[in-house]
Each structure stands twice: as structure tokens, then as C-alpha cells.
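Below is one structure; the comments refer to it alone.
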Amino acid sequence: MGSENHYQMNMVKGEFGYVLEDVPNFTDYISDLPTYPNPLRSNPAYSVVKQYFVDIDDTVPQKIVVHKDTPRGVHFRRAGPRQKVYFASDEVQACLVTCGGLCPGLNTVIREIVHSLDCMYGVNKVLGINGGYRGFYSKNTITLTPKTVNDIHKRGGTILGTSRGGHDTTKIVDSIQDRGINQVYIIGGDGTQKGAAAIYEEIRKRGLKVVVAGIPKTIDNDIPVIDKSFGFDTAVEEAQRAINAAHVEAESAENGIGVVKLMGRYSGFIAMYATLASRDVDCCLIPESPFYLEGEGGLFEYIERCLKENGHMVIVIAEGAGQELLAAKNEEDASGNRLLQDIGLWISQKIKDHFANKLKMLLTLKYIDPTYMIRAIPSNASDSVYCTLLAQSAVHGAMAGYTGFTTGLVNGRHTFIPFNRITERQNKVVTTDRMWARLLSSTNQPSFIGPKEAAEIGKQKKPTTQLLDDEDDCTDERAGTSFMVTSLIGCLSCGQ
Ligand SMILES: Nc1ncnc2c1ncn2[C@@H]1O[C@H](COP(=O)(O)OP(=O)(O)OP(=O)(O)O)[C@@H](O)[C@H]1O
Ligand SMILES: O=P(O)(O)OC[C@H]1O[C@](O)(CO)[C@@H](O)[C@@H]1O
Ligand SMILES: [Mg+2]
């Protein structure tokens with residue numbers, strides 16, 4: 001076994017190409033810390049469960065499809081309760097913060113962290129940071145108890161409020177120190193996890209016994225490594241209502257077209273899965289697959305064909321699709337994310353103009369933008385269970401002295417993932433993988449790839465049985481989970 005220690009990740013190498021990308025622990029930078037038996041041992045609910053505690057050597061492979069001679073590859077530490085903990089119950093002062101955009105399930109995660117700390121570990125000092133990162137140094141905190149958070153999972157949004165921008169590492173860590181906080185739970189997307197990594201690094205530099213635990217939140221499902229993010233199933237489910245409405249409108253009119261815009265700034269997962277689930281969608285446009293309007297193989301030609309054949313059609317478009325076709329806006333939000341133009345409105349106008357002016361064809365187009373309505377609802381049943389398990393994993397990890405980690409589901413198992421693995425790239429739909437092919441074959445839409453480009457892609461293609469090893473390939477395979485979408489279709493990223 002060899003090992004390399006970095007601030008954000010401890011890499012342990014074993015035999016047969018085994019690699020453990022381990023998360024930091026207090027023991028990496030603080031010596032002689034006292035430990036305590038896990039209070040769950042005497043908890044009537046859990047004490048009877050056989051093998052309740054996770055073995056120190058349990059790890060979860062990132063790739064589950066292997067050949068007999070392939071290296072064992074990257075593994076992550078399995079989440080779950082440990083025999084020993086690094087905090088006495090009355091020593092813990094925890095805090096929770098939510099950052100970035102809204103997502104179904106935020107309140108469920110908040111509730112479950114507060115409840116897990118209390119019911120499992122007897123921790124009852126928990127603060128809520130108001131209004132995202134800037135709340136650490138510019139707002140009052142709120143006290144969170146099992147009673148005050150008891151019903152919040154039934155509501156959308158976040159009871160703590162959220163914001164973009166305002167991440168000031170020094171001020172945040174000063175505030176953590178001043179308030180005597182020693183467990184920080186940070187719920188948010190890719191930007192938030194980058195901010196959490198900076199907070200963890202500063203805490204470590206100061207040598208503080210303070211856990212930084214991330215819970216990945218992204219309605220767009222744009223966080224890599226994990227099987228999927230909470231709220232995604234809910235978003236796909238809720239999107240069906242908008243697609244159904246668009247279909248009803250389109251079907252009821254002569255040459256009816258329904259256009260539905262769904263969220264997905266850089267990743268078109270919601271649009272892709274909502275399309276696959278619906279069966280009423282004739283065309284799905286996502287940021288990862290550039291498209292064009294005019295000429296052979298273009299969108300207008302396809303629309304004309306659909307209208308001739310069926311008399312109506314439904315188009316789903318992700319908000320980040322086709323942005324290159326619009327005049328650049330060059331504006332950013334407070335976190336530095338590029339502000340997008342309304343592609344749904346733009347494309348609706350283009351379609352109307354084309355059919356009225358060029359083809360002199362009468363059509364009825366209805367544009368539906370349900371994006372914020374979808375984001376604002378509470379989590380559905382399967383996401384609620386997922387949120388609960390993520391929250392419990394974060395609490396178990398924190399109590400066991402792990403820090404600088406994000407909790408996440410990898411191949412259906414809960415794991416602790418180093419921040420740098422979560423923040424180094426974005427999860428995107430891979431248009432050369434099977435899932436996008438399934439979508440194209442289900443809608444019959446053009447691939448918008450010219451014959452020349454297709455030949456190029458064909459040349460680059462690896463043999464079909466080759467296992468995927470480099471970072472652009474699918475690293476998100478998962479075992480069948482009980483979740484609605486994943487269990488039916490497989491890997492969200494690559495469609496294996
Ligand atoms: N590179 C970074 N370093 C430190 N903080 C960051 C960084 N990127 C973003 N943040 C902070 O993280 C918070 C959330 O970031 P952002 O608005 O990009 O949302 P997000 O977490 O990516 O969620 P989503 O994009 O899903 O809405 C903001 O307060 C922002 O200042
Ligand atoms: O309007 P806001 O709050 O900046 O959020 C919009 C963005 O947030 C997201 O929902 C991600 O959280 C994106 O899909 C979307 O582009
Ligand atoms: Mg983001």
C-alpha cells in the first residue's frame with residue numbers, strides 16, 4: 001500500500017490497481033484527540049442492527065463494470081456510522097447553510113441533519129445561517145431544533161434562505177471561530193462546494209477542530225461522480241405536467257406546437273429525462289448538442305415534417321441550449337455564472353416567423369416556461385428518502401472526524417468524496433453515449449450532426465466493449481438503485 005497526502009484528498013494505492021481517493025480526517029492534522037464510543041451503540045433503534053457500523057476498510061468502487069484483467073480502479077470511502085466518534089455530544093455546536101439556487105429537497109436535508117444530530121448523537125446545539133455564505137458575517141443566526149424543523153420538508157425552498165456571491169473565506173472562518181462552531185454543514189451546488197473547499201482549507205491552516213461537510217445540491221444534476229443529485233427526480237416528475245399541458249395545447253390546434261423550457265444551464269439532464277419519461281416530446285434540445293435551424297437536417301425542416309405527419313409537435317428545450325445562436329449578453333450573476341438569454345422565447349419567435357413568412361403556413365405555438373415552478377416545489381417521495389440518507393451520511397462522517405468531504409451516492413452506495421473530485425469538472429450529458437442515442441431514437445429528431453462530423457466521431461470511437469477509463473468518459477455508473485429514474489434507465493451520465 002502506498003499513500004500520498006494532499007490537503008483535499010488522501011490517495012491510497014493498493015494491489016491490482018486499487019486506488020482509494022480518501023477524504024481528510026482530524027487525525028491528519030490534529031494529534032492526540034480523545035475519542036468516544038458511538039452513542040448509537042446504546043440507541044434502542046439501532047443497537048440491535050447487525051453490522052450497523054461501517055468497517056474502517058469498506059470502500060466503494062467508482063466503476064462497477066470490469067473485465068477480469070482490468071485494474072480495480074478508484075474507490076471512495078463508504079459513508080455510515082463508525083464505532084468511535086471524535087465529539088462528545090454536548091461538545092458539538094453545528095451550523096447549516098444553504099447556497100446557490102433553489103432545489104426540491106433543501107428543507108428535507110435541513111430537517112434530517114437536525115434530527116439525525118439529535119436522535120442519533122444527542123446533539124442539540126444547531127444553528128441555521130441565514131441567506132447563504134454571506135449570512136455568516138452579515139446576518140443573525142437562527143436556532144434549529146427537531147421541533148422547529150419538524151414540518152419543513154413539506155415546503156419548497158429553504159427555510160434558511162439562500163444567495164449567490166458573498167463568499168469571503170476569512171470572514172466566514174472568523175465567524176465560525178467566534179461562534180464556537182465545530183461542525184459546518186454546507187448544502188449547495190458546484191460553486192458552493194468550491195466555497196466549502198476554501199473554508200475547509202482555511203480551517204485546516206488554522207489547525208481548528210472543525211468539520212466541513214458538503215451535501216451536493218443541484219437541480220441540473222451537473223455535479224460529477226455522484227449517481228444523481230437530490231431534487232432531480234422531483235424536477236423530472238414535475239416537468240411532466242408542463243409537457244402534458246404543451247401536448248394538450250398542441251394536439252388541440254391545427255399545426256399546433258408546444259414549446260417547454262426546462263432548467264439546465266450547462267447540462268441537459270432534466271430535459272433529456274423529462275423527454276424520455278413523457279413520450280409526447282418530438283424534439284429535445286440541450287446545451288451539449290448544438291443545433292441549427294435552417295437547411296437540410298435543421299430544426300425547421302424537422303418541424304415541417306412533424307406537422308405534416310402528425311399535425312402537431314412538442315419541443316422541450318433546456319435553458320442553456322443554443323445560447324451560441326443568440327447575441328451574447330456577457331452578464332454574470334453574483335457568483336460569476338453567465339446569465340442566459342431566454343432561448344425558449346427566442347426559438348418560439350423564430351419558428352413563428354419562419355412558418356408565417358417563408359412557408360406561409362398557419363400554426364399555433366404555445367410557449368410554457370415552468371422553470372421556477374419546478375424548482376420551488378418540495379421533494380417527492382424518492383427524493384425525500386434520498387435527502388434523508390445524504391443528511392445521515394454527512395452527520396455520521398462529521399461525528400467520526402472526517403472533514404473536507406461531500407456525501408454522495410456512488411453506484412447506489414453512500415460515500416464520502418473529496419471536494420476536489422466534486423469541483424474539478426461538471427457533469428454533462430455525453431451525446432456520444434447510449435442514453436442520448438436512446439433519446440434520439442425515441443423522438444426521431446435529427447442529431448444535428450452533419451455527415452462530415454458523424455464520420456469524424458465514428459473514427460474516434462473506441463471499440464464498443466472497451467471499459468471507460470479516462471475522465472471524459474462515464475465515471476458515473478451505478479448499481480440498480482431503488483430510485484425511479486435510475487433504476488429504470490441506468491447511468492444518468494452515459495446511459496450504460
Ligand atoms: N470558486 C469559488 N470559490 C469560493 N466560493 C464560490 C466559488 N464559486 C461559487 N462560490 C460561492 O458559492 C455560492 C453558490 O455558488 P453558485 O451561485 O454558483 O451556486 P451553486 O452552488 O453552483 O448552485 P447552483 O448552480 O446549482 O444554483 C455563492 O455564494 C458563491 O459566492
Ligand atoms: O435565477 P437564479 O436563481 O439565478 O437561478 C437560475 C439557475 O439556477 C439553476 O436552477 C441551478 O440552480 C439553473 O438551472 C438556472 O440557470
Ligand atoms: Mg452551479
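When a ligand or atom number is given, it counts from 1 through the structure's own listing order. All residue numbers refer to positions in the sequence shown, counting from 1.
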**OP:** With K350 as the cation and F300 as the aromatic partner, state whether NZ or CZ is under 6.0 Å from the six-membered ring centre and within 45° of the axis.
**Re:** no

By number and element, which atoms of ligand 1 are closer than 4.0 Å to a non-hydrogen atom of [X]?
X    : result
G189 : 20 (P), 21 (O), 22 (O), 23 (O)
N337 : 16 (P), 17 (O), 18 (O)
R164 : 16 (P), 17 (O), 19 (O), 24 (P), 25 (O), 27 (O), 29 (O)

Going from [atom1] on [X] to [atom2] on [Y], what distance comes out if it is rounded to the nearest 0.5 angstrom?
X    : Y    : atom1 : atom2 : result
L285 : C283 : CG    : SG    : 4.0 Å
I142 : L96  : CD1   : CG    : 9.5 Å
T108 : I152 : OG1   : CD1   : 7.5 Å
I186 : T98  : CD1   : OG1   : 11.0 Å

For [atom], which protein heavy atom lies nearest, and how many Å away is it?
atom                    : value
atom 1 (O) of ligand 2  : Y372 OH, 2.4 Å
atom 13 (C) of ligand 2 : E319 OE2, 3.2 Å
atom 4 (O) of ligand 2  : R164 NE, 3.0 Å
atom 5 (O) of ligand 2  : R375 NH1, 2.8 Å
atom 2 (C) of ligand 1  : K194 CB, 3.7 Å
atom 4 (C) of ligand 1  : G195 CA, 3.5 Å

Subject >> For atom 22 (O) of ligand 1, the option (of N221, D168, T192, D190) bearing the nearest heavy atom >> reply: D190

**OP:** Name the option, out of C103, G165, C99, G191, that contains the heavy atom nearest to atom 28 (C) of ligand 1.
**Re:**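 Comparing heavy atoms across C103, G165, C99, G191, the nearest one to atom 28 (C) of ligand 1 lies in G165.
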
[X] neighbourhood, listing ligand 2 atoms whose heavy-atom distance to it stays under 4.0 Å:
X    : value
M263 : 10 (O), 14 (O)
G264 : 14 (O)
I219 : 10 (O)

**OP:** Please confirm whether Y273 and F232 have ring centers closer than 6.0 angstrom.
**Re:**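 Judged by ring-centre distance (under 6.0 Å), Y273 and F232 do meet the cut-off.
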
Please tell me if the side chains of [X] and [Y] come closer than 4.5 Å, counting only heavy atoms from C-beta onward.
X    : Y    : answer
L339 : D333 : yes
I257 : I315 : yes
E112 : T388 : yes

Original post:
Under a heavy-atom criterion of less than 4.0 Å, does K217 contact ligand 1?
Top reply: yes

Subject >> Residue part near ligand 1, for T169, under 4.0 Å between non-hydrogen atoms >> reply: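 Neither part.
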
Original post:
Is it the side chain (CB and beyond), the backbone, both or neither of R265 that lies under 4.0 Å from ligand 1, heavy atoms counted?
Top reply: side chain

**OP:** Kindly give the atom name of the N, O or S atom of D190 closest to the Mg ion (ligand 3).
**Re:** OD1

Original post:
Of all residues at least two apart in sequence or in a different chain, which pass the ring-ring contact (aromatic ring centres under 6.0 Å, His included) check with F405?
Top reply: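 Scan of F405 (ring-ring contact (aromatic ring centres under 6.0 Å, His included), adjacent residues dropped) gives F416.
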
Original post:
Is S335 in polar range of ligand 1, meaning some N or O pair under 3.5 Å apart?
Top reply: yes

Original post:
Would one find an N or O of G101, backbone or side chain, under 3.5 Å from an N or O of ligand 1?
Top reply: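 So ligand 1 has an N or O lying under 3.5 Å from an N or O of G101.
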
**OP:** Check step by step if ring pair (Phe, Tyr, Trp, His ring centres under 6.0 Å) holds for F87 and F26.
**Re:** CA-CA 11 Å; F87 292 94; F26 285 153; 5.8 Å; yes

**OP:** Check step by step if side-chain hydrogen bond (donor to acceptor under 3.5 Å, both in side chains) holds for S175 and R179.
**Re:** CA-CA 6 Å; S175 156; R179 294 177 201 272; 3.1 Å; yes

Subject >> R206/E202 ion pair, N-O < 4.0 Å >> reply: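 E202 and R206: salt-bridged.
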
**OP:** Please confirm whether D333 comes within less than 3.5 Å of ligand 2 when only nitrogen or oxygen atoms on both sides are compared.
**Re:**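 No, no N or O pair falls under 3.5 Å.
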
